[in-house]
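We name chains A, B, ... by the order of the sequence lines, and we start the count at 1 in each one. All values below were derived from every heavy atom in this structure, side-chain atoms included, with hydrogens, water molecules and symmetry-related copies excluded.
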Amino acid sequence: MTVVTRFAPSPTGFLHIGGARTALFNWLFARRHGGRFLLRIEDTDRRRSSEAAVAAIHDGLSWLGLDWDGEPVSQVSRLPRHAEAARRLLDEGKAYRCYATAGELAEMRERAKAEGRPVLYDGTWRDRDPGEAPAGVDPAIRFKAPREGETAIEDAVQGIVRVSNRQLDDMVLLRSDGTPTYMLAVVVDDHDMEITHAIRGDDHLNNAFRQTQLFRALGWEPPVYAHIPLIHGADGAKLSKRHGALGVEAYRELGILPDAMVNGLLRLGWSHGDDEIIGRDQAIAWFDLDHVGRGAARFDLDRLMNLNAHYLRETDADTLVASIRPRLEDELGAALDDRHVTRLTRAMPGLKPRANSLVALAESAAFYVRERPVPIDAKARKLLGGDAGSSLHALAEALGAIDSWDEDGIEQAVRGLARQRGVKLGAVAQPLRASLAGSTVSPGIFEVAAILGRDETLGRVHDALRLRDPAPGSPEI
RNA sequence: GACCCCAUCGUCUAGAGGCCUAGGACAUCAGCCUUUCACGCUGAAGACACGGGUUCGACUCCCGUUGGGGUCGCCA
C-alpha cells in the first residue's frame, strides 16, 4: 500500500507555524515511506476564502521546501462529487432533509445550554414526515448518525479514543444552498484521493468520530488518523491569527533559513532521542508517528535562532552573499558591483559565526561595502578619541610599509607596532577596528584589513584621522 | 456547562517498571579562549503538578484531584 498524505488548509490567511508543522509532518511521513504528499485547499466557504491566501500557502510551503505531488486540489471544484455522496446517503436512508431554520436552531442551543444538556441538534426532522415540510424552505441534508453505542478511533498519536454516540448529533452534510459542509467534503475527498494517513491538528480530534461514522455509512474505510498537539503561543493559548501568530513569511523576513525553520518545527512535538540538529534528509530517514509527543508545545524563538545560527554556519559563502544582497542593496541604496561581491564572499567565513540570522549577517557585513567615508558609531568614535591619534598615524605608516598585503603580514605589522610602542595589542587594534568597521565590533581586524585591501584600509584610517583633526575647510564627516 | 485530549528544568524534550543520584538542547550565570564581538570549550543552577492505589520496586501502570488545552456552527 502506498502511503498518501495530504495537507488541507483553508485559505483564510497566511500559513502560520502550526499549519507549517502539520504540512511538514505529512510531507516527512510521505517521503519517509516513498509515498505521495498532496495539497488540498479547503475552500468550500467561499466567503472566507481568498486567492491571496492560496498564494500565501503555496509560497510558504515552497519556501520551506515542502513540495507537493500533483496539482493542488480545490475542494469547491469537487462539489458535484460531494452532492452525489449526500444524495446517495439520502437514497439509502442514511441521511434526511432538515427544514429547521437558523432561528429554530439557535433557540434549540439556547435551551440545551440553559438545561445543562450537550449542545446538539435534537433530530427533530430525523423521523418527521417530509409531508410536514414547510413551503418555501430549502432543506439542509443531515446525516442520520447512530444514536446508540460508541464510536472509537485508533489514533496513531493519541491511541484509542472513544466517545459515546449520544455526544454526536446529526451533522449537516449539504447546506440548504446545496453546497457541502467541511465534514462531507473531507470524507469524500480523503476517500477519492486515497489518503492513507491523515496527520492534522488536535483540534480535529473530535471531528474524527463523525468522519469515521460517515466513512462507514458510505461503505469506505477511513484513513489512519494522527492528531498532533497544537502549538501554543507564549501564553499557552491556541495559536491563531488573532493571537499574534506569525506567518512563516514573517520568519523569512526575520532572516530565518528554511532549513532552520524545518528543524525547529520538527523538534516541536517530535523527537529522536537526544538529537537536536536534524537535517532534512536525516529527518526523512527518521520520521515516524511513534515519537510524536502528546503534549502541546510552545514556540520558542531563542531555540529557532540558535538553530538558525547553526545552519547559517553550514551555508556556503556564495549562497549567503546572494541571500543578503537584496537587503544590502536596499540598505545602501545602490547596487553592489563585482568588487563588492568578491569582498563579501571572502568575508563570509569571518562573519558567519557572529550572526544568527540573515538580517544580522547583512548588518554586520554592511561596512565591507560602504563607500568612504564610512559612518562611525558613537562607541567607535570614543575609541578614536584621546591618544588614539598617534597610534593611528603610526598605524598608517606601518601599514603603508607592508610588502605583502595579507592577513599574516598585517598582523605582524600591527603586533610589531604595539610592541614597539610598548602598548597592548588592543590599544592599536581597537582604533584600527573603529576606523575600518566604524564600530567596536567586527571579525578579526587583520582579516578585515586584508579583505578591504591596502588602499581602502589606508583610506579609512586617514578618514578617521581627519574625523579627529578636521583640516581647516574640510567637510565634517 | 458537556465531551475529548494533555501534564518531566523558564522553554523544547529523552525516558516504553529497576539502567534515574532523572539525560540532552535553548535560555540564564560563572570561567577559559581572545585585538572587539561572536563561535568554541569547561562548569553551575534548574523539573517528574498533587493524592491515593498496583508492585519487592514507580517519572514510567490504574483511579481521583488540580491545572492547561481542544471541540460543541447550514466555519474549516
Side-chain angles (χ1 to χ4, degrees), chain A residues 8-12 42-45 47-49 75 98 100-102 105-106 109 112-121 138-142 155 158-159 161-164 166-169 171-177 179 181-183 185-186 201-209 227 229-230 232 234 236-238 264 267-277 290-291 293-307 309 313 350-356 364 379 383 411 414-415 418 424-430 432-434 437 439-446:
Chain A
S10 58
T12 54
E42 311 228 316
D43 50 5
T44 50
D45 184 353
R47 294 215 324 248
R48 297 205 302 156
S49 301
Q75 204 158 45
C98 170
T101 63
L105 293 172
R109 278 183 214 109
K113 212 167 227 172
E115 292 169 21
R117 286 182 291 113
V119 186
L120 303 170
Y121 173 66
D138 291 325
I141 307 297
R142 281 186 188 270
D155 193 278
Q158 308 290 345
V161 186
R162 52 184 84 238
V163 71
S164 162
R166 300 231 306 272
Q167 298 297 330
L168 306 170
D169 62 359
M171 64 187 134
V172 170
L173 264 21
L174 233 42
R175 301 186 186 104
S176 43
D177 64 1
T179 58
T181 59
Y182 159 79
M183 285 292 177
V186 190
D202 225 353
D203 49 342
H204 285 291
L205 185 56
N206 290 290
N207 292 333
F209 300 114
H227 290 95
L230 264 18
H232 287 171
K238 180 184 180 182
R267 283 293 288 108
L268 216 52
W270 181 82
S271 60
H272 186 270
D274 283 341
D275 294 305
E276 298 288 349
I277 304 287
D290 299 336
H291 293 87
R294 290 191 289 176
R298 301 178 191 210
F299 190 68
D300 184 10
L301 192 60
D302 281 334
R303 275 173 68 81
L304 213 218
M305 280 305 195
N306 180 268
L307 239 21
R313 275 175 254 141
L351 255 13
K352 279 199 295 194
R354 277 159 243 265
N356 60 6
S364 67
K379 280 184 185 169
L383 284 178
E411 174 159 8
V414 177
R415 281 190 191 278
K424 283 194 196 166
L425 182 55
V428 285
Q430 279 302 82
L432 179 58
R433 184 185 318 279
S439 148
T440 57
V441 174
S442 83
I445 200 59
F446 311 128

Checklist line | Any strand: nucleotide that pairs with rC29(B) via Watson-Crick or wobble, under 3.5 Å | finding: rG43(B)
Notebook entry, point to check: Without hydrogens or angle criteria, can the side chains of Asp202(A) and His227(A) be said to hold a donor-acceptor pair below 3.5 Å?
Noted result: no
Margin query: Quick check: on RNA chain B, is the nucleotide nearest Ala355(A) upstream (toward 5') of the one nearest Asp169(A), or the reverse? Name the residue that is more 5'.
Written below: Ala355(A)
Next item on the list: Could you tell me which residues satisfy side chain to side chain donor-acceptor pair (under 3.5 Å) with Asp300(A), sequence neighbours excluded, listed by chain and number?
Entry: none
Notebook entry, point to check: Base, sugar-phosphate, or nothing for Arg109(A), non-hydrogen atoms under 4.0 angstrom?
Noted result: sugar-phosphate
Note to self: Does Leu105(A) reach a base, just sugar-phosphate, or nothing at all? Heavy atoms under 4.0 Å.
What the structure shows: base
Next item on the list: Tell me what His227(A) touches on the nucleic acid: a base, only sugar-phosphate, or nothing, going by heavy atoms under 4.0 Å.
Entry: nothing
Next item on the list: For Gln430(A), check side chain to side chain donor-acceptor pair (under 3.5 Å) against everything at least two apart and list the hits.
Entry: Arg433(A)
Item checked: Pairing partner of rA7(B) (Watson-Crick or G-U wobble, both distances under 3.5 Å) -> rU66(B)
Checklist line | Any residue meeting side chain to side chain donor-acceptor pair (under 3.5 Å) with Arg294(A), in chain and number order, not counting sequence neighbours | finding: none
Write down the protein N/O and nucleotide N/O pairs, taken from nucleotides 39-41 of chain B, whose separation is under 3.5 Å; answer none if there are no such pairs.
| unit_1 | atom_1 | unit_2 | atom_2 | d |
| --- | --- | --- | --- | --- |
| rC39(B) | O4' | Pro353(A) | O | 3.4 |

Margin query: Using the side chain to side chain contact (heavy atoms under 4.5 Å, CB included) criterion, which residues pair with Thr179(A)? Sequence neighbours excluded.
Written below: Leu79(A), Arg175(A), Asp177(A)
Item checked: Base-pairing assignment for rA2(B) (Watson-Crick or G-U wobble, both under 3.5 Å) -> rU71(B)
Margin query: Among residues at least two apart in sequence or on other chains, which ones pass side chain to side chain contact (heavy atoms under 4.5 Å, CB included) with Asn207(A)?
Written below: Tyr182(A), Met183(A), His204(A), Gln211(A)
What does the list of N/O pairs under 3.5 Å between the protein and nucleotides 28-30 of chain B look like, with a distance for each?
none

Next item on the list: Ignoring hydrogens and angles, answer whether the base of rC74(B) and the side-chain atoms of Ser176(A) contain a donor-acceptor pair closer than 3.5 Å.
Entry: yes
Notebook entry, point to check: Once each nucleotide of nucleotides 3-15 of chain B is scored for protein heavy atoms under 4.0 Å, what B/S/- sequence comes out, 5' to 3'?
Noted result: SSSS----SBSS-
With the criterion being N/O to N/O and under 3.5 Å, what pairs connect the protein with nucleotides 32-35 of chain B, and how long is each?
| unit_1 | atom_1 | unit_2 | atom_2 | d |
| --- | --- | --- | --- | --- |
| rU35(B) | OP1 | Arg415(A) | NH2 | 3.3 |
| rU35(B) | O2 | Arg433(A) | NH2 | 2.2 |

Margin query: Holding to side chain to side chain donor-acceptor pair (under 3.5 Å), I want the full list of residues that pass it with Asp43(A), two or more places apart in sequence or in another chain.
Written below: Ser74(A)
Margin query: For the backbone of Thr12(A) and the side chain of Ser10(A), can you confirm whether one donor and one acceptor N or O come within less than 3.5 Å of each other?
Written below: no
Margin query: Measuring to OP1 and OP2 of rA76(B), would you say a side-chain N or O of Thr44(A) lies under 4.0 angstrom away?
Written below: yes
Notebook entry, point to check: Taking only residues two or more places apart in sequence, or in another chain, which ones meet Leu120(A) in a side chain to side chain contact (heavy atoms under 4.5 Å, CB included)?
Noted result: Pro118(A), Asp169(A), Arg210(A)
Margin query: Once side chain to side chain contact (heavy atoms under 4.5 Å, CB included) is applied, do any residues pair with Val172(A), and if so which ones, sequence neighbours excluded?
Written below: Ala140(A), Arg142(A), Thr181(A)
